[in-house]
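Some notes on the structure that comes next.
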Amino acid sequence: LYKTLILEQAGRVEEALTWLDAEKEYVVDGLSWRMKRAELLLALERYDDAHAAYRALLAENSEHYLYHSGLQCAVLRLDATTSAEMLKLGGCGLPSTELPSLSPEQRALLQAEYAELSETDPFSLVCDKIPLTFLEGEAFKARVDTYMRKHLQRGLPSLGADLAALYLTLDPETGKKVRAKDPYDIKQNKRYLVVKELVEGYIDALTKTEAFPPPSSSSSSSSSSSSS
């Protein structure tokens with residue numbers, strides 16, 4: 001893979017991909033080969049091919065955030081520079097958490113993609129959680145209601161941290177999304193207010209009836225119902 005990296009760094013991305021394909025049978029680390037190939041396809045803005053490459057990687061490990069980041073870049077057809085930035089995020093960073101804004105059309109594309117992924121791998125925690133990063137309005141409320149009910153009943157220890165990661169605010173200095181830490185910012189966050197409303201409903205119903213309340217209006221339908 002070394003020559004591929006040299007060609008890529010020299011800006012000769014098409015040559016890098018051609019060389020990578022030619023050397024496939026000699027590469028011992030097949031996973032690294034496939035990851036680099038998917039990355040090069042994004043760099044060349046070959047979105048359909050990149051999409052197929054990242055879906056293949058996710059079929060083997062649906063919990064890998066880097067694969068999800070690449071997949072979202074392909075689905076959203078982000079330009080090569082932006083895609084490269086997204087792939088460097090690390091951790092749980094994704095286009096759906098880092099881009100300043102998403103259009104309704106982009107949200108719909110991601111929603112359709114993750115509805116399909118959830119059907120393919122219904123036990124994936126990450127595929128279950130990521131839609132919470134891009135859904136809005138009633139679609140978010142329905143999805144987070146379903147998510148919290150399921151994981152409260154299963155006793156998921158990280159549920160609080162998972163939800164806190166959704167409370168984002170714009171950093172006035174960088175213009176980038178960051179996790180809200182100031183109590184005032186958290187209490188003003190729209191997602192926090194939805195979660196707070198739902199949790200208060202759970203507590204009230206469990207206290208009175210020892211059962212959860214009926215699902216929120218959209219929860220009874222598919223968790224992939226369209227966002228507002």
Side-chain angles (χ1 to χ4, degrees), residues 38-39 41-55 57-58 62 65-120 124 126-147 162-180 185-186 188-195 216-219 221-228:
E39 182 181 334
L41 289 169
L42 270 184
L44 292 168
E45 300 183 358
R46 288 171 52 179
Y47 299 115
D48 291 341
D49 292 335
H51 176 269
Y54 280 109
R55 282 296 294 262
L57 288 167
L58 283 166
S62 61
Y65 270 87
L66 179 61
Y67 301 166
H68 284 282
S69 187
L71 180 71
Q72 289 192 12
C73 289
V75 170
L76 298 175
R77 295 180 176 263
L78 302 181
D79 62 77
T81 300
T82 305
S83 292
E85 292 175 356
M86 295 297 107
L87 293 179
K88 293 177 182 177
L89 290 172
C92 299
L94 298 164
S96 59
T97 63
E98 302 300 321
L99 292 176
S101 63
L102 293 172
S103 68
E105 293 76 17
Q106 288 176 316
R107 294 182 193 279
L109 287 170
L110 290 174
Q111 193 170 350
E113 188 71 25
Y114 278 90
E116 190 174 312
L117 280 172
S118 293
E119 290 182 4
T120 303
S124 170
V126 173
C127 290
D128 194 26
K129 180 168 60 176
I130 285 178
L132 297 174
T133 67
F134 57 78
L135 292 175
E136 289 186 324
E138 288 302 312
F140 173 79
K141 184 177 183 180
R143 183 86 184 201
V144 78
D145 185 20
T146 300
Y147 185 84
D162 287 349
L163 295 173
L166 300 173
Y167 310 148
L168 303 177
T169 187
L170 285 179
D171 186 322
E173 295 183 1
T174 65
K176 294 182 178 180
K177 290 181 182 178
V178 295
R179 185 181 298 191
D185 290 337
I186 294 173
Q188 300 301 310
N189 186 276
K190 291 182 180 179
R191 287 174 174 168
Y192 167 81
L193 293 173
V194 171
V195 170
S216 59
S217 59
S218 301
S219 291
S221 62
S222 170
S223 61
S224 62
S225 53
S226 62
S227 62
S228 58

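Heavy atoms only: backbone and side chains are in, while hydrogens, waters and symmetry mates are out.
Scanning for side chain to side chain contact (heavy atoms under 4.5 Å, CB included) contacts around R77 gives Y47, D48, with sequence neighbours left out. For T169, the side chain to side chain contact (heavy atoms under 4.5 Å, CB included) partners at least two apart in sequence or on another chain are V178, A180.
The main-chain N or O of C73 is never found under 3.5 Å from a side-chain atom of S83 such that the two would form a donor-acceptor pair. Side-chain atoms of Q72 come within 3.5 Å of backbone N or O of S96 as a donor-acceptor pair. Here the side chain of R107 pairs a donor or acceptor atom with the backbone of F134 at under 3.5 angstrom. No donor-acceptor pair closer than 3.5 Å links the side chain of D128 to the backbone N or O of S118.
Note: H68 and Y114 have parallel aromatic rings, judged against thresholds of 30 and 60 degrees for the angle between ring planes.
For the pair E98/E85, no side-chain contact is recorded, criterion being any heavy-atom separation below 4.5 Å from C-beta on. Contact annotation: the side chain of K177 never approaches that of T97 to less than 4.5 Å [non-hydrogen atoms, C-beta and beyond]. Put simply, the side chain of L110 reaches to within 4.5 Å of the side chain of V75, judged on heavy atoms. Using a 4.5 Å cut-off on side-chain heavy atoms (C-beta onward), L76 and T82 make no contact.
The shortest non-hydrogen separation linking Y54 to L66 is CE2-O, 4.3 Å. The two residues D162 and K129 come nearest to each other via the heavy atoms OD1-NZ, 3.4 Å. Residues D145 and S216 approach most closely at OD2-N, 2.9 Å, considering heavy atoms. What you find for V126 and S62 is that their closest heavy atoms are CB-O, 3.8 Å.
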